[in-house]
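These numbers were taken from a predicted model, which means no experiment stands behind them.
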Amino acid sequence: LRMYTNGMPFDRCGNKSNNDDSALIRMLPLALFYKEQPHQLIAESHISTLLTNGNVTSQVCSAIYSLSMRGLLVNDKTKVSSLLEQYYTINSKPDHIKALKMLLSKRETLESQPQNAVDIFWQAWYIYLNNNKQFNDCALKALCVDHTGCVTALVCSFFGSVHGLSVFDN
C-alpha cells in the first residue's frame, strides 16, 4: 500500500510471492456492488488483489471468495468453478485456469494450520458449511483457529449474506 500511496500503479504494487489474506478481506464490497455482474466481479477482484498480492493464485482465490459471496447473496446455485473456468477460457487466461485447478484440489487437503489465503478461504468456508444454523456456534469455531481475524471475517460474511444482518443483533 505504501508503494501505491507513493505513486506506483496499483497493478505493480503487489508482491508476487505474497499469498496472504490481505487481498481476501477487501473483496466483500466488490461482491455486494457487482452481485448482478459475475464477469465484472471477477475482473474487479483480480484488479483489487493486485494492490497487495501480485500473483495469479491470489487473484483466483479472491475471485472464488467474491463469487461465493455473490452466490449466497443472490441465491445463485451456479458453480463458482464453472463461472471462473468460463471467464478464464473466454479471456485466454491459462495461468488462471491452472491456478483454479490447484485451488480446487487444495480443498481436499485442508490443513489444520492455514498457511496462505487459499487455506484461509477453505477453512472459513468449511467452518461456515458445518455450522451455518447458529451464528454463535459458527463465530466461536472461527475464533478458535489460526488467522482468527480473516477467518472470522469471512465466516461472518458468509453467515450474514444468507441469514441477513439482523443475525448480528443478538
Discussion item. Working to the nearest 0.5 angstrom, can you tell me the gap between L154 CG and M27 CE?
Written reply: 11.0 Å
Item to complete: Following the transitive rule for hydrophobic clusters with a side-chain heavy-atom cut-off under 4.5 Å over Ile, Leu, Val, Met, Phe, Trp and Tyr, establish whether I25 and I47 coincide in one cluster.
Response: no
Item to complete: Please answer: with hydrophobic residues joined when any side-chain heavy atoms are less than 4.5 Å apart, are L140 and F135 in the same cluster?
Response: no
Response to the item:
In terms of heavy-atom contacts, A31 and L73 come closest through O-CD1, 4.0 Å
Response to the item:
Nearest heavy-atom contact between C150 and I120 is SG-CG2, 3.8 Å
Worksheet entry | Sub-4.5 Å side-chain heavy-atom contact between Q37 and E44 | no
Worksheet entry | Approximate separation, where rounding is to 0.5 Å, of L100 CG and D95 CG | 12.5 Å
Item to complete: I would like to know whether I127 and Q123 meet side chain to side chain contact (heavy atoms under 4.5 Å, CB included); could you show each step before the answer?
Response: CA-CA 6 Å; I127 288 171; Q123 187 170 51; 4.0 Å; yes
Worksheet item: Judged by atom type as modelled, is there a donor-acceptor pair below 3.5 Å linking the side chain of H163 to the main-chain atoms of N132?
Response: yes
Response to the item:
Tightest non-hydrogen contact, residues Q134 and F159, listed as C-CZ, 3.6 Å
Practice prompt. Give, for atom CE of M102 and atom CG of L104, the distance between the pair rounded to the nearest 0.5 Å.
Written response: 9.5 Å
Practice prompt. Any chance you could measure L67, atom CG, to L41, atom CG, to the nearest 0.5 Å?
Written response: 5.0 Å
Discussion item. Working to the nearest 0.5 angstrom, can you tell me the gap between I97 CD1 and E85 CD?
Written reply: 6.0 Å
Response to the item:
Closest heavy-atom pair, C61 versus L103, reported as atoms and distance to 0.1 Å, is N-CD1, 3.6 Å
Discussion item. Which heavy atom of V155 sits nearest to which heavy atom of C138, and what is that distance?
Written reply: CG1-SG, 3.2 Å
Practice prompt. Go through the steps for R26 and L51 under the test side chain to side chain contact (heavy atoms under 4.5 Å, CB included), then give the verdict.
Written response: CA-CA 10 Å; R26 292 195 307 272; L51 189 59; 3.9 Å; yes
Worksheet item: Can you name the residues that form a side-chain contact (heavy atoms from CB on, under 4.5 Å) with A99, not counting sequence neighbours?
Response: V56, T57, V60
Discussion item. Please find the pair of heavy atoms, one from S45 and one from T49, that lie closest to each other, and give the distance.
Written reply: O-OG1, 2.7 Å
Worksheet entry | Any donor-acceptor N/O pair, S66 side chain to S62 backbone, under 3.5 Å | yes
Discussion item. Please tell me whether L143 and L24 are part of a single hydrophobic cluster in this structure, the criterion being side-chain heavy atoms less than 4.5 Å apart.
Written reply: no
Practice prompt. Please identify each residue that fulfils side chain to side chain donor-acceptor pair (under 3.5 Å) with K77, with sequence neighbours left out.
Written response: N75
Worksheet item: Is there a path of hydrophobic side-chain contacts, each under 4.5 Å between heavy atoms of I, L, V, M, F, W or Y residues, that connects L32 with L83?
Response: yes
Worksheet item: Can you list the residues that meet the side-chain contact (heavy atoms from CB on, under 4.5 Å) rule with D76, with sequence neighbours excluded?
Response: R70, V74, T78
Worksheet item: For Y87, which residues count as a ring-ring contact (aromatic ring centres under 6.0 Å, His included) partner, sequence neighbours excluded?
Response: H39
Worksheet entry | Non-neighbouring partners of K79 that pass side-chain contact (heavy atoms from CB on, under 4.5 Å), sequence neighbours left out | S81, S82
Worksheet item: How far does CG of L50 sit from CG of N55, to the nearest 0.5 angstrom?
Response: 9.0 Å
Worksheet entry | All pairs passing ring pair (Phe, Tyr, Trp, His ring centres under 6.0 Å) where residues 51-81 contributes a residue, at least two apart | Y65-F158
Discussion item. Check the orientation of W125 and F121. Use parallel for under 30°, tilted for 30 to 60°, and perpendicular for over 60°.
Written reply: parallel
